[in-house]
Visitor: 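If you scroll down you'll find the structure; I have some questions about it.
We use all heavy atoms of the structure for the numbers below, so side chains are in, but hydrogens, waters and symmetry mates are not.
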Amino acid sequence: MSNSRPDWDEYFLGIVQEVAKRATCDRGRSACVVVKDKRILTTGYVGSPAGLPHCDDVGHQFKRVTHEDGTVSNHCVRTVHAEQNAICQAAKFGISLDGATMYCTMEPCYTCAKMIINAGIKRVVCLHRYHAGKDTEEVLKQAGV
């Protein structure tokens, strides 16, 4: 009987998919896991700030966004992104993320990418590309992430 062990990236991406099940906004069940030296430091999933109502319970809080090309979309602003929650968890408990790897269900948004850079995270591994990820890719590349 052959046992095909996942490599470390596959292993942590599998854990990310489990963490995503805790997300509380059905528009994006995203999550992330921050790892250093093959050990999980923090996790995060998309959800409302602690103690506040969740989208899944009270509905979405939409804001209209007009993009550079003139298209308009609705974005739910009730929740905190998974990456932001993982970085905040590290700050709350005094955990340094310097030199860590972040595993994500979705490529981070531009704002999260800048937070990732400032937290000292050196590598980001994603399951899916973000449709508006051009700015994210560029800023992470510029920062050597």
Visitor: Is there a path of hydrophobic side-chain contacts, each under 4.5 Å between heavy atoms, that joins V46 and L127?
Guide: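 The answer is no; the residues belong to distinct hydrophobic clusters.
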Visitor: For L52 and R78: C-alpha separation, side-chain torsions, deciding distance, then whether side-chain contact (heavy atoms from CB on, under 4.5 Å) applies.
Guide: CA-CA 9 Å; L52 298 182; R78 182 179 302 284; over 6 Å; no
Visitor: So how far is it from T105 OG1 to R29 CZ, rounded to the nearest 0.5 Å?
Guide: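 Those atoms lie 11.5 Å apart.
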Visitor: May I ask you to check whether H75 and S73 show a side-chain donor-acceptor distance below 3.5 Å?
Guide: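 Yes.
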Visitor: Using a 4.5 Å cut-off on heavy atoms from C-beta on, say whether the side chain of T24 contacts that of C55.
Guide: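 Sidechains of T24 and C55: no contact.
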Visitor: What's the separation between atom CD1 in I95 and atom CG in L41, rounded to the nearest 0.5 Å?
Guide: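 Here the interatomic distance stands at 6.5 Å.
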Visitor: Apply side-chain contact (heavy atoms from CB on, under 4.5 Å) to the pair M102 and E83, showing each step before the final yes or no.
Guide: CA-CA 8 Å; M102 180 178 276; E83 300 86 352; 3.6 Å; yes
Visitor: Distance only, no hydrogens: is a donor on one side chain within 3.5 Å (strictly under) of an acceptor on the other, for H60 and N74?
Guide: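 Result is no, nothing qualifies.
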Visitor: Spell out, as yes or no, whether a donor-acceptor pair under 3.5 Å connects the side chain of T66 to the backbone of V72.
Guide: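 Judged by distance alone, no pair lies under 3.5 Å.
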Visitor: Donor-acceptor pair, S30 side chain versus A82 backbone, under 3.5 Å?
Guide: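 Side chain of S30 to backbone of A82: no pair is present.
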Visitor: Do side-chain atoms of T136 reach the backbone of P108 as a donor and acceptor pair under 3.5 angstrom?
Guide: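 Pair found, side chain donor or acceptor close to backbone of P108.
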Visitor: For residues 111-122, please give each side-chain donor-acceptor pair under 3.5 Å, one per line with the distance, not counting sequence neighbours.
Guide:
none

Visitor: Say whether, by atom type as modelled, one donor and one acceptor occur between the side chain of D56 and the main chain of D26 under 3.5 angstrom.
Guide: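 Yes.
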Visitor: Of V35, L140, D9, V145, which meets side chain to side chain contact (heavy atoms under 4.5 Å, CB included) against R123?
Guide: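 The side chain to side chain contact (heavy atoms under 4.5 Å, CB included) with R123 is passed solely by D9 among V35, L140, D9, V145.
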Visitor: Which heavy atom of C104 sits nearest a heavy atom of L13, and at what distance?
Guide: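 Shortest heavy-atom contact: O-CD2, 4.0 Å.
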Visitor: In this structure, are over 12 heavy atoms from other groups packed under 6.0 Å from D37 atom CG?
Guide: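 Result for CG/D37: open.
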Visitor: Checking side chain to side chain contact (heavy atoms under 4.5 Å, CB included) between F12 and each of D7, V125, I40, which is the one that passes?
Guide: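 Output: one option passes, namely I40.
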Visitor: Mind checking what makes salt bridge (Lys or Arg N to Asp or Glu O under 4.0 Å) contact with E137, not counting sequence neighbours?
Guide: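 Residues passing salt bridge (Lys or Arg N to Asp or Glu O under 4.0 Å) with E137: R129.
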Visitor: Is V34 linked to I87 within one hydrophobic cluster, defined over Ile, Leu, Val, Met, Phe, Trp and Tyr using a side-chain heavy-atom separation of less than 4.5 Å?
Guide: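 Yes.
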Visitor: With the side chain counted from C-beta on, respond yes when M106 and C126 share a heavy-atom pair under 4.5 Å apart, and no when they do not.
Guide: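 Side chain of M106 against side chain of C126, heavy atoms only: no contact under 4.5 Å found.
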Visitor: Should the pair E138-K141 be classified as a salt bridge under the 4.0 Å nitrogen-to-oxygen rule?
Guide: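 Salt bridge between E138 and K141, a charged N being under 4.0 Å from a carboxylate O: no.
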Visitor: So, D69 and T71: side-chain donor and acceptor under 3.5 Å apart, yes or no?
Guide: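 Indeed, the side chains of D69 and T71 share at least one donor-acceptor pair under 3.5 Å.
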Visitor: Grouping I, L, V, M, F, W and Y whenever their side-chain heavy atoms are under 4.5 Å apart, do V139 and L97 come out in a common cluster?
Guide: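 Same cluster: V139 reaches L97 through Ile, Leu, Val, Met, Phe, Trp or Tyr contacts under 4.5 Å.
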Visitor: Are V33 and W8 connected in a single hydrophobic cluster, I mean Ile/Leu/Val/Met/Phe/Trp/Tyr linked by side-chain heavy atoms less than 4.5 Å apart?
Guide: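 W8 and V33: one cluster.
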Visitor: Does a side-chain heavy-atom distance below 4.5 Å link V124 with T101?
Guide: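 Contact flag for V124/T101 side chains = no.
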Visitor: Is Y130 reachable from Y110 through a run of I, L, V, M, F, W or Y residues, each pair having side-chain heavy atoms under 4.5 Å apart?
Guide: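 No, it is not one cluster - the side chains of Y110 and Y130 are not joined through contacts under 4.5 Å.
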Visitor: Suppose the criterion is ring-ring contact (aromatic ring centres under 6.0 Å, His included): which pairs have a residue in residues 18-56, not counting sequence neighbours?
Guide: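 Listed once each, the pairs would be none.
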Visitor: Checking the side chain of Q84 only, and the main-chain atoms of H81 only, is there a donor and an acceptor separated by less than 3.5 Å?
Guide: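 Between the backbone of H81 and the side chain of Q84 there is a qualifying donor-acceptor contact (under 3.5 Å).
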Visitor: Say whether, by atom type as modelled, one donor and one acceptor occur between the side chain of R22 and the main chain of G44 under 3.5 angstrom.
Guide: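 Side chain of R22 to backbone of G44: no pair is present.
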Visitor: Is there a side-chain contact between R27 and F62 (heavy atoms, below 4.5 Å)?
Guide: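 The answer is yes; the side chains approach within 4.5 Å.
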